[in-house]
Colleague: 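Next up is a structure, given as structure tokens.
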Amino acid sequence: MPQPPGGLLPRAFFEAPADQVAPRLLGKLLVHATASGLLAGRIVEVEAYLGPHNDPPDPAAHSYRGPTPRNSVLFGPAGRAYVYSIYGRYFCMNVCCEPEGQAGCVLLRALEPLALAGDSGLAQMALNRGLAQGEHGCKLTSGPSRLCQALALSRLVHNGLDLLDPDSPLQLRDDGYPVHEVLVTPRIGIKHAVDWLLRFALPGHDCVSGPAKMTKGLIGKRIFIR
DNA sequence: AGGCCGATCCTCT
DNA sequence: GAGGATCGGCCTA
């Protein structure tokens, strides 16, 4: 098995409000070590969901009404995966933020697929997505449930996994990819707090999901980080 | 490019 | 019992 590039991120990186962590997560790597090789992508689009301690609390967040069996991982330590099922057919993956007891998180909305294991990783992602071999483009991982499908992530196996543990099969890594400019817009697909600017993306990146007005910078603003 | 629709089932009220 | 942090197909333009 090839060694993934870069290093693990420190826990403190995630022990902060989700709207601070989210833009800093852009450009980082999500790597899933599976029996059939490394499935990986670079994060190009995320959304922040704020915990119920926030003032005002975030009515679109799963944690809005406090802990439940489904969202309990959100109230645990930072740097863990929160994976949930939606619409009976799909999964979405978040990264837990904030110190233990608080429940902010970052939804991963799109990755740029990466060939860490040579083309076999891309071929496996295409297989997982039910796409033809040779479909090695953004259709693999452009969308929160598409990326889970491509990387073979599911609630039963991956919810609660520590993304910062050297022995974890699912890791977040930093290979030094530089990100300075970030597109900030409202979040997609929610019915509450629709005007909160909590979606973050790499400006102009092909793999960013959503309608054109949300990807081209016609809505929202640009910020500079670091 | 944009809008509508159905699939499908888990979670919480 | 209702609704959901989605997706892909199909429609119109």
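In what follows, chains are A, B, ... by sequence order, proteins preceding strands, each numbered from 1. Computed from heavy atoms alone, side chains included, the values below leave out hydrogens, waters and symmetry copies. Small disclaimer: the values here were computed from a predicted structure and weren't measured.
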Colleague: A/M214 has an atom CE; how far is it from atom C1' of C/dA5, in whole Å?
Modeller: 12 Å
Colleague: How many Å lie between CG on A/L156 and P on B/dC10, as a whole number?
Modeller: 10 Å
Colleague: Under 3.5 Å for both donor-acceptor distances, Watson-Crick or wobble: does C/dG4 have a partner, and if so which one?
Modeller: B/dC9
Colleague: Quick one: are A/I188 and A/E47 in side-chain contact, heavy atoms under 4.5 Å?
Modeller: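 Touching, per the 4.5 Å side-chain cut-off.
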Colleague: Atom CE of A/M93 to atom C1' of C/dT6: distance rounded to whole Å?
Modeller: 17 Å
Colleague: State whether A/R65 places a side-chain N or O below 4.0 Å from either non-bridging phosphate oxygen (OP1 or OP2) of B/dT11.
Modeller: no
Colleague: Under a plain distance cut-off of 3.5 Å, with no hydrogens placed, do A/R199 and A/T185 share a side-chain donor-acceptor pair?
Modeller: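 Their side chains do contain a donor-acceptor pair, which is all the 3.5 Å distance test asks for.
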Colleague: Just do the disulfide (SG to SG under 2.5 Å) check on A/C92 and A/C148 with the steps written out, would you?
Modeller: CA-CA 6 Å; A/C92 294; A/C148 287; over 6 Å; no
Colleague: Show the numbers, then the answer: is there a salt bridge (charged side-chain N to carboxylate O under 4.0 Å, His left out) between A/R11 and A/D162?
Modeller: CA-CA 10 Å; A/R11 186 88 44 197; A/D162 187 355; 3.0 Å; yes
Colleague: What nucleotide, of C/dA5, B/dC10, C/dG8, holds the atom closest to the side chain of A/S85?
Modeller: B/dC10
Colleague: Check this one for me: any side-chain N or O of A/R146 less than 4.0 Å away from OP1 or OP2 of C/dG8?
Modeller: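 Checking C/dG8 against A/R146, a side-chain N or O does come within under 4.0 Å of OP1 or OP2.
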Colleague: Cut-off 3.5 Å, side chains only: do A/T141 and A/E112 have a donor facing an acceptor?
Modeller: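 Distance-only check fails for A/T141 and A/E112.
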Colleague: From B/dC10, C/dA5, C/dT6, pick the nucleotide closest to the side chain of A/Y87?
Modeller: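 Shortest atom-to-atom distance from the side chain points to C/dT6.
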Colleague: Could you give the CG-to-C1' distance, from A/L50 to C/dA5, as a whole number of Å?
Modeller: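 So the two atoms are 13 Å apart, to the nearest Å.
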Colleague: Starting at atom OH of A/Y90, determine the distance to atom C1' of B/dC9, rounded to an integer number of angstrom.
Modeller: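 After rounding, the reported distance stands at 13 Å.
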Colleague: Scan A/A212 against the nucleic acid and name what it touches under 4.0 Å (heavy atoms): base, sugar-phosphate only, or nothing.
Modeller: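 Since only primed, P, OP1 and OP2 atoms lie under 4.0 Å of A/A212, the category is sugar-phosphate.
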Colleague: Write down the distance between NE2 (A/H62) and C1' (C/dG4), rounded to a whole number of angstrom.
Modeller: 7 Å
Colleague: Separation of A/R89 atom CZ from C/dG8 atom C1', in whole Å?
Modeller: 9 Å
Colleague: A/R70 has a side chain; which of C/dA5, B/dT11, B/dT8 sits nearest to it?
Modeller: B/dT11
Colleague: State whether A/K191 places a side-chain N or O below 4.0 Å from either non-bridging phosphate oxygen (OP1 or OP2) of C/dG3.
Modeller: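 Indeed not, no polar side-chain atom of A/K191 lies that close.
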Colleague: Check every atom of C/dA5, B/dC12, C/dT6 against the side chain of A/S145 and return the nucleotide holding the closest atom.
Modeller: C/dT6
Colleague: Grab the CG-P distance between A/L131 and C/dG9 for me, whole Å please.
Modeller: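 Rounded to whole Å, this separation is 10 Å.
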